[in-house]
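Working notes, structure below.
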Amino acid sequence: MSAPVLQVKDLRVHYRTPNRVIKAVDGVSFDIESGERFGLVGESGSGKSTIAMAILRMIKPPGTIESGEILLRTDEPAASAGSGAASVVAPPVNLLKLPEERMRQLRLAGVALIAQGAMNSLNPVVRIGKQLLDGMKDHAIRLSRREQEERVRELLDSVGLRREVAGMYPHELSGGMKQRVVIAIAISLRPRLIIADEPTSALDVIVQRQVIETLRQVQENLHASVLMVGHDMGLMAQSVHRLGVMHAGKLVEVGVVDAIFSRPQNRYTQLLISSLPSLTRKEVVPEQPTTRGENL
């Protein structure tokens with residue numbers, strides 16, 4: 001078995017307030033294998049999005065990463081002993097130890113984010129084609145005008161969008177189209193790890209399925225790994241290989257999706273699964289008594 005693309009070890013993220021310290025992430029550890037889709041699910045405030053931001057080193061004050069390791073395998077060739085020596089794969093890098101400039105270069109190129117709100121992620125006054133190229137320019141990738149046009153068309157094609165979208169502004173696109181553009185930006189530098197933070201929360205169920213299928217296709221084409229963050233157990237069941245359940249800053253259960261849903265071990269996991277609507281179980285809501293003279 002190949003080495004994991006991502007290893008999170010005993011991660012702790014705290015938020016310090018004048019009155020107390022809030023342990024948003026409290027000793028969380030997990031691995032993500034090459035080509036794997038791993039889900040983190042839990043209620044709001046459970047710490048799942050904080051983990052995503054910690055991996056990207058984007059925790060803002062009063063939050064601090066107290067301790068732990070976040071190891072990312074970039075597969076960059078290590079320096080060889082001599083010119084004739086065969087190149088070897090470098091060991092994983094600890095993202096928490098990197099200088100800020102090095103971490104900035106790894107964002108998008110090594111680990112990329114698909115943010116929750118596509119409209120807030122896109123510049124409303126810049127055409128889509130230019131926004132697809134911004135990350136490349138920021139990473140000093142120089143392309144000719146023709147190469148830029150070809151790369152933009154390739155990215156739009158990869159997420160199922162017409163090439164004409166390159167000349168449009170975000171407000172001219174539907175919610176699902178905007179989310180596909182955000183996916184295209186995230187894969188523009190072919191990262192090893194894609195973090196999808198609630199990527200379908202503002203979309204209807206039909207578009208949700210289309211966006212998740214688009215994400216699955218581009219992930220498989222890139223042979224990348226995906227960390228999917230969300231609260232929808234049903235969506236996770238259809239989208240990921242393994243699932244981790246977050247509760248009060250702790251990872252309370254991890255397992256293959258089928259095992260989690262068929263034999264949940266943790267009480268909180270059982271409650272999450274029981275909250276899913278059932279197509280076979282009918283619940284009768286007791287009739288409420290009415291008061292005489294009440295307006296109906």
When rounded to the nearest 0.5 angstrom, what distance separates [atom1] in [X] from [atom2] in [Y]?
{"X": "R127", "Y": "L132", "atom1": "CZ", "atom2": "CG", "answer": "13.5 Å"}
{"X": "D26", "Y": "H247", "atom1": "CG", "atom2": "NE2", "answer": "12.0 Å"}
{"X": "T214", "Y": "R209", "atom1": "OG1", "atom2": "CZ", "answer": "11.5 Å"}
{"X": "K23", "Y": "K250", "atom1": "NZ", "atom2": "NZ", "answer": "7.5 Å"}
{"X": "H223", "Y": "R190", "atom1": "NE2", "atom2": "CZ", "answer": "8.0 Å"}

Check whether any side-chain heavy atom of [X] sits under 4.5 Å from a side-chain heavy atom of [Y], and report yes or no.
{"X": "I59", "Y": "T64", "value": "no"}
{"X": "T50", "Y": "Y15", "value": "yes"}
{"X": "V25", "Y": "I65", "value": "no"}
{"X": "I194", "Y": "L227", "value": "no"}
{"X": "I32", "Y": "S225", "value": "yes"}
{"X": "L40", "Y": "L251", "value": "yes"}
{"X": "V28", "Y": "K9", "value": "no"}
{"X": "M236", "Y": "I260", "value": "no"}

**Asked** Which heavy-atom pair separates P191 from A224 by the least distance, and what is that distance?
**Response**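 Heavy-atom minimum between the residues: O-CB, 3.5 Å.
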**For I185 against L108, the heavy-atom pair lying closest together** =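 Closest approach of I185 to L108: O-CD1, 3.3 Å.
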**Request:** Using salt bridge (charged side-chain N to carboxylate O under 4.0 Å, His left out) as the criterion, list what pairs up with K130, not counting sequence neighbours.
**Result:**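 Residues passing salt bridge (charged side-chain N to carboxylate O under 4.0 Å, His left out) with K130: D134.
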Any link between [X] and [Y] through a network of hydrophobic side chains (Ile, Leu, Val, Met, Phe, Trp, Tyr) touching at under 4.5 Å?
{"X": "V256", "Y": "F261", "result": "no"}
{"X": "L271", "Y": "V245", "result": "no"}
{"X": "V21", "Y": "V13", "result": "no"}
{"X": "M58", "Y": "L98", "result": "yes"}
{"X": "L71", "Y": "L11", "result": "no"}

Looking at [Y] and [X], is any side-chain nitrogen of the basic one under 4.0 Å from a carboxylate oxygen of the acidic one?
{"X": "R145", "Y": "E150", "answer": "no"}
{"X": "E100", "Y": "R57", "answer": "yes"}
{"X": "E66", "Y": "R16", "answer": "yes"}
{"X": "R146", "Y": "E149", "answer": "no"}
{"X": "D197", "Y": "K48", "answer": "no"}

**Message:** Would R153 and E164 count as a salt bridge (charged side-chain N to carboxylate O under 4.0 Å, His left out) here? Give the steps.
**Reply:** CA-CA 9 Å; R153 285 198 298 267; E164 293 79 9; over 6 Å; no
Is the side chain of [X] donor-acceptor paired with the backbone N or O of [Y] at a distance under 3.5 Å, no angle test?
{"X": "Q208", "Y": "L203", "value": "yes"}
{"X": "Q7", "Y": "V5", "value": "no"}
{"X": "Q105", "Y": "H139", "value": "no"}
{"X": "S67", "Y": "R12", "value": "no"}
{"X": "K178", "Y": "L173", "value": "yes"}
{"X": "S158", "Y": "L155", "value": "yes"}
{"X": "R37", "Y": "S239", "value": "yes"}
{"X": "Q148", "Y": "L143", "value": "yes"}

**Request:** Decide whether T269 and E253 meet the rule of one side-chain donor and one side-chain acceptor closer than 3.5 Å.
**Result:**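 Present: a donor and an acceptor within the cut-off.
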**Message:** Can you tell me if R151 has over 12 outside heavy atoms packed within less than 6.0 Å of its CZ?
**Reply:**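 Result for CZ/R151: enclosed.
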**Item:** Crowding at CZ, R162 (>12 non-hydrogen neighbours, <6.0 Å)
**Value:**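 No, CZ of R162 has 12 or fewer neighbouring heavy atoms, counting only those of other groups under 6.0 Å.
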**Prompt:** Yes or no on side chain to side chain contact (heavy atoms under 4.5 Å, CB included) for V254 and F38, after CA distance, side-chain angles and deciding distance?
**Reply:** CA-CA 10 Å; V254 179; F38 182 88; 4.0 Å; yes
**Request:** Would you check, one step at a time, whether the test salt bridge (charged side-chain N to carboxylate O under 4.0 Å, His left out) holds for E220 with R216?
**Result:** CA-CA 6 Å; E220 291 181 352; R216 184 191 64 78; 2.9 Å; yes
**Request:** Could you list the residues that satisfy ring pair (Phe, Tyr, Trp, His ring centres under 6.0 Å) with H231, not counting sequence neighbours?
**Result:**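 H231 satisfies ring pair (Phe, Tyr, Trp, His ring centres under 6.0 Å) with no other residue.
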**Request:** Could you give me the CA-CA distance, side-chain angles and deciding distance for Q131 and L122, then say whether side chain to side chain contact (heavy atoms under 4.5 Å, CB included) is met?
**Result:** CA-CA 8 Å; Q131 297 194 53; L122 299 174; 3.7 Å; yes
**Request:** Please step through side chain to side chain contact (heavy atoms under 4.5 Å, CB included) for the pair L243 and M233, ending with a clear verdict.
**Result:** CA-CA 10 Å; L243 188 61; M233 290 287 283; 4.2 Å; yes
**Request:** Give the C-alpha distance, both sets of side-chain angles, the deciding distance and a yes or no for side chain to side chain contact (heavy atoms under 4.5 Å, CB included) between S49 and V229.
**Result:** CA-CA 7 Å; S49 291; V229 176; 3.9 Å; yes
